[in-house]
Amino acid sequence: MKTQILSAALIILLLNSVHLIQGYSRDRVLLRDVEAITLHSGRMTTGRRSSPIPQITCVGGSASHKYQPDVIQCYNRGWDGSEVQWECKANLPKKYRLGAVQVACEGYDYPDDPYILKGSCGVEYRLEYASSSGSYSNNYYRSKKGGSWFGNLFMIGVLVFIFYTIYNRFSSANHEKYPYLISHTNLASIDNLIC
């Protein structure tokens with residue numbers, strides 16, 4: 001009888017241990033083995049040691065907060081010995097592109113744990129304009145509409161001043177270089193000598 005009770009207790013203990021091990025391994029994933037992650041706007045990550053964070057967060061860029069993708073997919077492109085190298089893609093309007101992207105996951109037992117908590121990954125990204133000239137900036141649209149008349153008048157004034165300064169420099173330089181050239185003032189003094 002004692003043997004049967006001891007055997008039953010041992011079986012229950014083993015079943016509980018297997019259940020705990022399976023539960024432990026179900027949420028614990030080796031980061032290097034993660035082939036891809038799909039992240040959604042408006043959803044939160046899972047958290048065990050820390051609070052959940054948004055799965056998708058824009059952290060700057062030339063088009064920061066102008067548009068947020070609904071889904072970003074990141075693919076594991078290899079391991080450099082210390083980190084997974086991620087390539088992330090999103091469906092974006094043609095005028096935008098993803099800039100720098102940082103994927104962060106919660107380490108299962110400690111911050112740099114090679115095992116992560118399943119569902120704990122989030123992505124921080126920079127949203128950039130696709131055109132390197134910034135053709136979608138407000139300045140571009142303003143200048144295409146013609147700008148202000150005051151700005152145009154100011155630019156004409158600056159150009160006139162530059163041309164006037166250059167003309168005066170060359171005309172005074174020629175007068176010092178060639179004093180025998182007759183100018184209007186020289187003609188007046190010649191007329192005074194004749195009379």
Side-chain angles (χ1 to χ4, degrees), residues 7-145 147:
S7 296
L10 187 57
I11 290 173
I12 291 172
L13 185 62
L14 284 173
L15 289 175
N16 282 335
S17 298
V18 169
H19 178 67
L20 286 174
I21 291 170
Q22 285 177 344
Y24 182 75
S25 65
R26 218 176 308 150
D27 291 343
R28 188 174 178 250
V29 180
L30 184 61
L31 180 59
R32 279 188 268 180
D33 291 344
V34 176
E35 293 181 14
I37 53 175
T38 302
L39 306 158
H40 299 273
S41 176
R43 292 190 189 171
M44 302 296 280
T45 63
T46 57
R48 190 173 80 91
R49 294 182 311 100
S50 60
S51 299
I53 60 170
Q55 288 185 359
I56 297 176
T57 305
C58 180
V59 293
S62 60
S64 178
H65 302 291
K66 301 287 184 192
Y67 180 84
Q68 180 163 343
D70 294 327
V71 175
I72 295 179
Q73 287 189 313
C74 297
Y75 304 93
N76 180 340
R77 295 298 183 210
W79 175 259
D80 69 359
S82 64
E83 293 183 337
V84 170
Q85 302 301 304
W86 295 101
E87 177 186 14
C88 296
K89 296 181 180 183
N91 260 346
L92 298 171
K94 291 185 183 205
K95 65 182 181 177
Y96 302 118
R97 66 176 176 81
L98 288 178
V101 175
Q102 179 72 38
V103 174
C105 304
E106 181 180 327
Y108 196 84
D109 288 321
Y110 52 92
D112 291 327
D113 191 343
Y115 288 89
I116 61 164
L117 176 64
K118 182 179 175 183
S120 69
C121 296
V123 66
E124 292 182 343
Y125 68 96
R126 296 177 59 82
L127 187 64
E128 306 290 350
Y129 285 110
S131 172
S132 61
S133 66
S135 62
Y136 294 101
S137 70
N138 289 336
N139 291 336
Y140 175 82
Y141 284 118
R142 230 177 274 136
S143 67
K144 287 294 184 188
K145 290 179 183 173

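When a residue number appears, it is its place in the shown sequence, counting from 1.
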I'd like a table of donor-acceptor pairs (distance under 3.5 Å, sequence neighbours excluded) in which one partner is a side-chain atom from residues 118-125, with atom names and distances.
from	atom 1	to	atom 2	distance (Å)
S120	OG	E106	N	3.0
S120	OG	L117	O	2.7

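Put simply, CZ on R97 and NZ on K89 are 15.5 Å apart, with the number rounded to the nearest 0.5 Å. Rounding to the nearest 0.5 angstrom, the gap separating the CD1 atom in I37 from the OG1 atom in T45 is 11.0 Å.
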Next item on the list: List the steps, then state whether side-chain contact (heavy atoms from CB on, under 4.5 Å) holds for S82 with D80.
Entry: CA-CA 6 Å; S82 64; D80 69 359; 3.3 Å; yes
Check: Does the pair L127 and H65 meet the rule for a side-chain contact (heavy atoms from CB on, under 4.5 Å), with working shown?
Finding: CA-CA 7 Å; L127 187 64; H65 302 291; over 6 Å; no
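Between the R49 side chain and the G107 main chain, a donor and an acceptor come within less than 3.5 Å of each other.
Sparse packing is recorded around CD of Q102, with 12 or fewer heavy atoms of other residues, nucleotides or ligands lying under 6.0 Å away.
Scored by the side-chain hydrogen bond (donor to acceptor under 3.5 Å, both in side chains) test, S41 finds Q68 as partners (sequence neighbours excluded). Legend: residues meeting side chain to side chain contact (heavy atoms under 4.5 Å, CB included) with D33, ordered by chain and number and at least two apart, are L30. Here C58 pairs with nothing under the disulfide (SG to SG under 2.5 Å) rule; sequence neighbours left out.
Of all heavy-atom pairs spanning C88 and L98, the tightest one is O-CD1, 3.8 Å. Closest approach of L31 and N76 over heavy atoms only: O-ND2, 4.1 Å. Minimum interatomic distance between H40 and V71 (heavy atoms only, all atoms of both residues): ND1-CG2, 3.6 Å. In terms of heavy atoms, I56 sits closest to P69 at CD1-O, 4.0 Å.
Under the ring-ring contact (aromatic ring centres under 6.0 Å, His included) criterion, the residue pairs touching residues 67-99 are Y67-Y96, Y96-Y129, with sequence neighbours excluded. Applying the side-chain hydrogen bond (donor to acceptor under 3.5 Å, both in side chains) test to pairs two or more places apart or on separate chains, those with a residue in residues 53-62 are S62-E128.
With a 4.5 Å cut-off on side-chain heavy atoms, V103 and V84 do not count as touching.
Using a 4.0 Å cut-off between charged nitrogen and carboxylate oxygen, R43 and D70 do not count as a salt-bridge pair.
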